[in-house]
Amino acid sequence: TLNPSLFRNDSPETVTACVTLGISHPPGYPLHTLLGRLFSFLPLGNPAMGINFFSSFLGSIGACLFAANAWLLLRPWGSDKKKESHLPGLGIACFIASLCFAFSKNYWSASLSSKGGIYILQVLLELAFLLRLQLWRRGIPNSRPRDLYLLVFLFGLGFVNHWPTLALLIPPLVVFVLIAHYSSTRRSFGTIFAPQKGLVAFSLFLTVASLYLFLPLRSHLNPGLNFGAPFTFGRFLHSLFRMDYSKVETIGSHLSGGLTTLLEKWDYISGHFVDEFNLPLVLFSLAGIFVFLWRGLREKLLLLLLILSTTLAANLLYLQVNAIESWHMDDHLLTINWVTALFAFGGLFSFMEWFLRPKLKARPNPSWALPALAVLGLLLPLSLLGGHLKLNDQKREFMFRGYGVEALQCMDRGALYFAETDYDYFSILFLKEVENKRPDVHLLAVPFLNKDYEPPLLVRKDPELSVLFAFPPVPPPSEPPHPVWYCAFPNGSFAAFCSRRGLPFTFQPAGIICRAFPSRDSFSRETTVRSLDDFWRRYLDPENRSPNPINGLFLELCAHPYVNAANYLKLRG
């Protein structure tokens with residue numbers, strides 16, 4: 001899944017790579033952060049490339065785990081010749097279905113980005129857990145305690161990677177375990193899980209969950225961007241349970257506006273199946289549901305259907321996202337990809353088995369039938385590869401890094417840059433902290449300046465910033481050698497920050513950013529327009545861009561410099 005064009009020193013994935021590198025405290029992904037940190041040391045050009053490779057590596061392992069799950073799902077028990085004769089077709093169906101899963105649109109896209117690696121790792125852990133669950137189910141009633149402990153260990157790893165996604169698996173798992181035990185052993189649930197086993201399993205879970213202690217430790221060491229500053233117990237719980245995100249992402253926090261988007265979200269989610277795969281795979285998936293019933297795999301069918309329905313319901317009712325943020329919902333829908341692909345595998349294998357079944361006992365199928373069917377089946381993943389290649393081709397996507405480079409070039413020495421979104425913050429943060437560019441520039445995240453814990457942390461790291469929090473407020477000077485203030489949005493959160501401090505905010509375009517409190521003679525129309533033209537030609541020209549919607553939010557950010565400059569020139573006549 002790795003895009004070879006990313007093996008360059010100017011990797012495009014610099015926006016979120018710095019989170020994984022541990023430059024700043026991430027909002028609760030300690031497992032991915034620690035593993036990604038190891039990959040950042042690989043000699044692949046720069047740390048961001050190492051994180052990209054980590055995501056691609058996880059994507060490849062996930063496809064292999066999918067194949068192992070598919071093999072166990074329909075492999076017949078026993079070893080008689082009649083059953084063993086099905087294995088070649090089963091292996092071919094596993095291979096084809098695994099490629100289809102790997103080339104599904106968003107699974108492939110997430111495998112190319114550092115941020116997507118968080119969700120790819122979650123899929124990998126889900127598939128590893130499902131694999132062990134199938135092996136445990138086959139071992140009943142002779143399952144050993146270590147089988148239970150391994151399941152708890154994998155569950156704990158998923159919990160410390162992205163617990164909101166893992167929580168969706170809990171209801172289906174409870175139902176599956178109860179049905180499996182009652183149908184297989186006829187014993188009560190309490191006798192299966194003895195108290196001492198439960199205590200050991202719970203202790204093991206807490207041991208794995210202790211990885212979350214990485215959050216307060218790392219946060220206190222480097223408060224470059226501090227999501228909740230969780231080095232106190234209250235703020236640690238606040239960060240762990242993602243309280244800030246619940247205020248933004250959930251429909252419950254925007255009930256009046258959220259309900260109006262349900263139909264739009266349902267339309268998007270229902271189209272997700274065909275968009276991620278294609279119509280033939282969806283038809284095979286629907287057929288696979290009946291195949292599971294026909295083969296008597298009702299427990300496994302119930303488990304997969306419950307996982308599918310729980311994920312659909314949670315994404316429909318939980319996430320509050322706009323249409324431009326649909327890529328965020330795609331990440332949370334990745335569980336649906338492997339469930340759908342497993343159903344498609346069942347339909348594909350049964351079709352192959354029916355096609356290869358001898359019509360007459362005296363006339364077995366010719367030797368070329370199975371290879372011919374395999375070649376024909378490979379058209380399915382090849383069609384996905386061709387259909388999604390253009391969407392996932394990011395060989396010219398250097399806009400993330402380019403934005404930061406252009407912004408730093410526009411700033412005077414010793415400038416203060418007030419970043420207002422993730423997108424204009426992370427790019428500059430990566431360039432400063434990892435590539436050591438423009439150490440003289442002071443980078444600030446405006447949304448955090450009003451937090452009671454943020455000012456002392458910032459001043460501790462950079463004593464020169466104490467003037468920002470002085471009272472009464474000190475008006476910012478407009479002339480060097482004093483620091484010049486810059487921002488991205490003249491009507492954004494930085495303007496509100498100035499208003500709360502009683503500062504009369506004014507601005508001038510300065511390339512792709514804005515200069516705050518400018519002097520009268522600091523504006524150059526020719527320099528500004530030339531800088532914008534150059535930025536458009538390098539990074540925004542539609543002919544040089546892929547149609548991948550994951551860049552939609554950043555494209556919106558990149559529109560503001562042109563609007564700002566146009567309005568400013570219009571005001572000046």
Side-chain angles (χ1 to χ4, degrees), residues 26-35 65 69 118-119 121-219 228 230-243 246 299-300 302-304 306-307 310-311 314 335:
Y29 312 115
L31 180 63
H32 182 268
T33 303
L34 294 172
L35 294 176
L65 284 173
N69 274 287
I118 296 170
Y119 303 100
L121 178 58
Q122 191 64 26
V123 168
L124 187 151
L125 293 171
E126 289 175 1
L127 291 171
F129 183 86
L130 180 64
L131 182 64
R132 288 304 313 174
L133 190 66
Q134 290 197 75
L135 293 172
W136 169 78
R137 178 65 184 90
R138 288 199 170 195
I140 291 177
N142 300 316
S143 58
R144 295 163 294 183
R146 70 178 186 183
D147 296 327
L148 171 64
Y149 301 151
L150 185 54
L151 282 172
V152 171
F153 177 74
L154 291 172
F155 186 87
L157 289 179
F159 182 83
V160 297
N161 182 64
H162 194 250
W163 71 260
T165 300
L166 188 76
L168 301 179
L169 301 183
I170 295 177
L173 287 174
V174 170
V175 174
F176 177 79
V177 170
L178 287 174
I179 292 177
H181 275 286
Y182 278 109
S183 63
S184 300
T185 64
R186 305 296 181 187
R187 289 187 290 172
S188 67
F189 188 74
T191 58
I192 297 298
F193 292 98
Q196 62 270 24
K197 292 182 182 178
L199 182 60
V200 173
F202 184 67
S203 301
L204 179 61
F205 174 78
L206 289 181
T207 303
V208 180
S210 66
L211 278 175
Y212 268 116
L213 295 177
F214 173 82
L215 303 185
L217 293 174
R218 190 68 184 89
S219 174
F231 48 79
T232 67
F233 184 70
R235 289 200 296 261
F236 171 71
L237 294 179
H238 190 277
S239 177
L240 181 63
F241 292 105
R242 306 166 63 84
M243 299 304 294
S246 66
E299 291 179 9
K300 296 179 179 180
L302 179 62
L303 174 65
L304 294 177
L306 284 175
I307 292 174
T310 306
T311 305
T335 299

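Bear in mind the structure is a predicted one, so any value in this text is a computation, not a measurement. The figures that follow rest on heavy atoms only: side chains count, while hydrogens, waters and symmetry mates do not.
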Run the side-chain contact (heavy atoms from CB on, under 4.5 Å) check on L204 and V200 step by step: do they pass?
CA-CA 6 Å; L204 179 61; V200 173; 5.5 Å; no
To the nearest 0.5 Å, tell me how far L131 CG sits from L154 CG.
9.0 Å
Side-chain heavy atoms of L302 within contact of F176, under 4.5 Å:
no
Nearest heavy-atom approach of V160 to V208 is CG1-O, 3.5 Å
When rounded to the nearest 0.5 angstrom, what distance separates OH in Y119 from CG in N161?
9.5 Å
Could you tell me the separation between the CD atom of Q122 and the CG atom of L169, rounded to the nearest 0.5 Å?
8.0 Å
For residues L125 and L166, determine if any side-chain heavy atom of one lies less than 4.5 Å from a side-chain heavy atom of the other.
no
Separation of L168 CG from L306 CG (nearest 0.5 Å):
12.0 Å
How far does NE2 of H32 sit from CD1 of I118, to the nearest 0.5 angstrom?
5.5 Å
How long is the gap from CG on L240 to CG on L213, to the nearest 0.5 Å?
10.0 Å
Say whether, by atom type as modelled, one donor and one acceptor occur between the side chain of S239 and the main chain of R235 under 3.5 angstrom.
no
What is the minimum heavy-atom distance between A201 and Y149, and which atoms define it?
N-CE2, 4.0 Å
Can you label the angle between the F159 ring and the Y212 ring as parallel, tilted or perpendicular, going by 30° and 60°?
perpendicular
Looking at every non-hydrogen atom in both residues, tell me the closest pair between L211 and P30 and how far apart they are.
O-CB, 3.5 Å
For the residue pair F155 and L151, establish whether any side-chain heavy-atom pair is separated by less than 4.5 Å.
no
Going by the rule side-chain hydrogen bond (donor to acceptor under 3.5 Å, both in side chains), which residues pair with T165 if we only count those two or more places apart in sequence or in a different chain?
H162
Compare all side-chain heavy atoms of L130 with those of I307 and state whether any distance is below 4.5 angstrom.
no
Which of parallel (below 30°), tilted (30 to 60°) and perpendicular (above 60°) describes W163 and F241?
perpendicular
Could you list all the salt bridge (Lys or Arg N to Asp or Glu O under 4.0 Å) pairs where at least one residue sits in residues 121-133, not counting sequence neighbours?
R132-D147
